[in-house]
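Here's the structure we're looking at; comments come further down.
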Amino acid sequence: MTTRVNRRTALGLGTVATAGAALVGGTPAAAADRPGRSAPAAARPELVAPKIAAAFHREKTLTGGNWQAHISLENGASPLVAVSESADRRVEAYSVNKIAVAVAVLDRIDRGLLTLDQRVDVPASIVVPGGDGIFVLDTAYPSSVTLGHVLANLLTVSDDTASRLCGLVCPAAEINRTLVAKGFPNTQVQPLADPNRFYLGTSTARETHALLRALVAGTLLSPSSTALVLRLLRAPVAFTDGIRRTMSSAERARVATKAGWFVDARHEAGVIFDAAGAAVLTYVLFADGQADPDNFGATHPVVQARARLGRFFLDATAQLGGAADAPRHRVARQRPSNGG
């Protein structure tokens with residue numbers, strides 16, 4: 001990927017930030033920047049959608065670079081699209097595609113070909129050196145874990161070695177066939193010479209959005225596999241630097257999210273649920289080409305933008321509820337433990 005932030009973009013950034021006159025749903029831009037600032041709430045999706053769009057376009061202007069996004073509000077039989085920005089552009093999805101990898105593995109479990117409690121060996125040769133996650137920190141190999149443990153690490157701390165372990169039980173070609181069969185031809189891993197190895201591959205904002213909505217609707221996997229994926233994506237240990245940053249623990253539990261970062265890309269996709277567990281908003285935010293590409297922390301401009309958007313999304317949808325017949329995915333309350 002190449003950075004496409006030019007001097008004009010940089011000057012535009014400064015102009016918008018200094019002026020403070022841009023409005024997000026009627027709220028002064030400077031005020032909307034404050035963590036925890038509530039967006040104006042409304043009771044109907046068609047009133048919320050323009051506010052979501054204004055918030056997105058403001059953050060896009062502030063950060064510059066390239067954005068591919070698709071954001072919708074639940075609105076009866078079909079979603080109300082608030083943002084669709086280069087949504088059909090096929091991009092490297094990086095770790096957001098770990099959701100798709102998990103779907104392919106769980107599809108094999110649903111068909112009785114694998115089980116969550118079966119053991120997977122972890123030799124030193126399969127551990128990604130310097131990668132994100134837990135396995136690289138173990139420093140004691142070979143070891144053995146359950147497939148359930150692999151998936152938990154894949155979707156919460158985005159473990160890179162967990163991707164390789166998934167490939168041992170679900171080769172790249174099988175992952176891609178499964179995703180095509182389920183209606184996602186652009187969401188594909190990139191096979192390597194070893195059939196059990198792959199790069200995480202590509203998707204589009206629209207297709208990742210469709211995959212998330214199918215998951216929540218229960219049409220993608222069995223009820224137990226659906227519940228597992230959503231439980232992991234909403235877990236306290238799952239990604240909190242972006243959309244979920246400026247939220248309470250209870251609010252974070254209402255957001256299922258998966259981030260992906262590599263080179264200059266900073267992606268995040270997920271679903272916000274109401275208090276009863278019904279989906280109200282689905283977002284896919286792919287972004288690359290912004291400043292500070294070597295910063296993978298919370299201060300990266302796109303990650304900061306997503307933190308502001310997350311708080312705004314939650315507040316803007318506070319008065320919305322899922323459809324009466326929508327699936328409910330309730331979250332069990334989790335409390336820290338003091339051992340014992």
Side-chain angles (χ1 to χ4, degrees), residues 1 91-111 113-182 184 186-203 208 211 215 220-221 225 228-229 231-233 235 237-239 257-263 265-269 286 296:
M1 298 182 183
V91 299
E92 295 284 344
Y94 298 121
S95 286
V96 171
N97 261 9
K98 287 175 180 172
I99 300 176
V101 172
V103 164
V105 172
L106 286 164
D107 179 77
R108 300 201 84 194
I109 289 174
D110 289 344
R111 290 186 285 131
L113 302 175
L114 301 170
T115 62
L116 279 176
D117 61 356
Q118 76 179 64
R119 309 295 297 190
V120 181
D121 291 332
V122 187
S125 60
I126 205 169
V127 176
V128 178
D132 290 320
I134 296 298
F135 287 107
V136 72
L137 302 177
D138 289 353
T139 70
Y141 312 102
S143 63
S144 174
V145 296
T146 65
L147 186 51
H149 187 79
V150 171
L151 291 172
N153 278 278
L154 182 78
L155 294 181
T156 58
V157 297
S158 199
D159 196 292
D160 292 334
T161 298
S163 292
R164 290 184 173 184
L165 295 172
C166 286
L168 295 180
V169 298
C170 189
E174 175 69 15
I175 292 173
N176 286 341
R177 281 195 297 269
T178 299
L179 292 169
V180 169
K182 290 181 179 292
F184 307 108
N186 294 303
T187 306
Q188 300 279 281
V189 299
Q190 181 183 338
L192 301 177
D194 182 336
N196 299 110
R197 294 283 183 91
F198 51 84
Y199 293 129
L200 285 163
T202 62
S203 188
T208 295
L211 186 150
L215 176 69
L220 202 57
L221 295 168
S225 291
L228 175 63
V229 173
R231 183 165 68 249
L232 294 174
L233 295 177
V237 73
F239 188 72
T257 201
K258 183 74 192 73
W261 53 89
F262 193 67
V263 195
R266 301 294 183 274
H267 303 331
E268 191 168 359
F286 292 150
F296 295 97

> Taking atom CG of Leu147 and atom CD1 of Ile109, what is their separation to the nearest 0.5 Å?
Replying inline: 4.5 Å
> Which is it for Leu155 and Leu151 under the side chain to side chain contact (heavy atoms under 4.5 Å, CB included) test, yes or no, and what are the steps along the way?
Replying inline: CA-CA 6 Å; Leu155 294 181; Leu151 291 172; 5.6 Å; no
> At their closest point, which heavy atom of Ser158 faces which heavy atom of Asp132, and how far apart are they?
Replying inline: O-CB, 4.0 Å
> How close do Asn97 and Thr202 get, heavy atom to heavy atom, and via which atoms?
Replying inline: ND2-O, 3.0 Å
> Quick one: CG on Asp159 to CZ on Arg164, what's the gap to the nearest 0.5 Å?
Replying inline: 11.0 Å
> Cut-off 3.5 Å, side chains only: do Lys258 and Ser95 have a donor facing an acceptor?
Replying inline: no
> Do you know the tightest heavy-atom contact between Trp261 and Tyr94?
Replying inline: N-CB, 4.4 Å
>> Going by salt bridge (charged side-chain N to carboxylate O under 4.0 Å, His left out), name the residues that satisfy it together with Arg177, two or more places apart in sequence or in a different chain.
In response: Glu174
> Out of Asp121, Val122, Val120, which one pairs with Ser143 under the side chain to side chain contact (heavy atoms under 4.5 Å, CB included) rule?
Replying inline: Val122
> Measuring from Lys182:NZ to Asp107:CG, what's the distance to the nearest 0.5 Å?
Replying inline: 4.0 Å
> Measuring from Gln190:CD to Glu92:CD, what's the distance to the nearest 0.5 Å?
Replying inline: 6.5 Å
> Considering all heavy atoms of both residues, which atom of Leu200 and which atom of Ser163 are nearest to each other, and what is their separation?
Replying inline: CD2-OG, 4.0 Å
>> Would you compute the distance between atom CG of Asn186 and atom CZ of Phe184 and round it to the nearest 0.5 angstrom?
In response: 11.0 Å
>> Walk me through whether Val105 and Val150 qualify under side chain to side chain contact (heavy atoms under 4.5 Å, CB included).
In response: CA-CA 11 Å; Val105 172; Val150 171; over 6 Å; no
> Do side-chain atoms of Asn176 reach the backbone of Val189 as a donor and acceptor pair under 3.5 angstrom?
Replying inline: yes
>> Please give me the minimum heavy-atom distance between Leu211 and Ala100, naming the atom from each residue.
In response: CD1-CB, 4.3 Å
> To the nearest 0.5 Å, how far apart are CD in Gln118 and OG1 in Thr146?
Replying inline: 9.5 Å
> Which atoms form the tightest heavy-atom contact between Thr178 and Ala104, and what is the distance?
Replying inline: CG2-CA, 4.1 Å
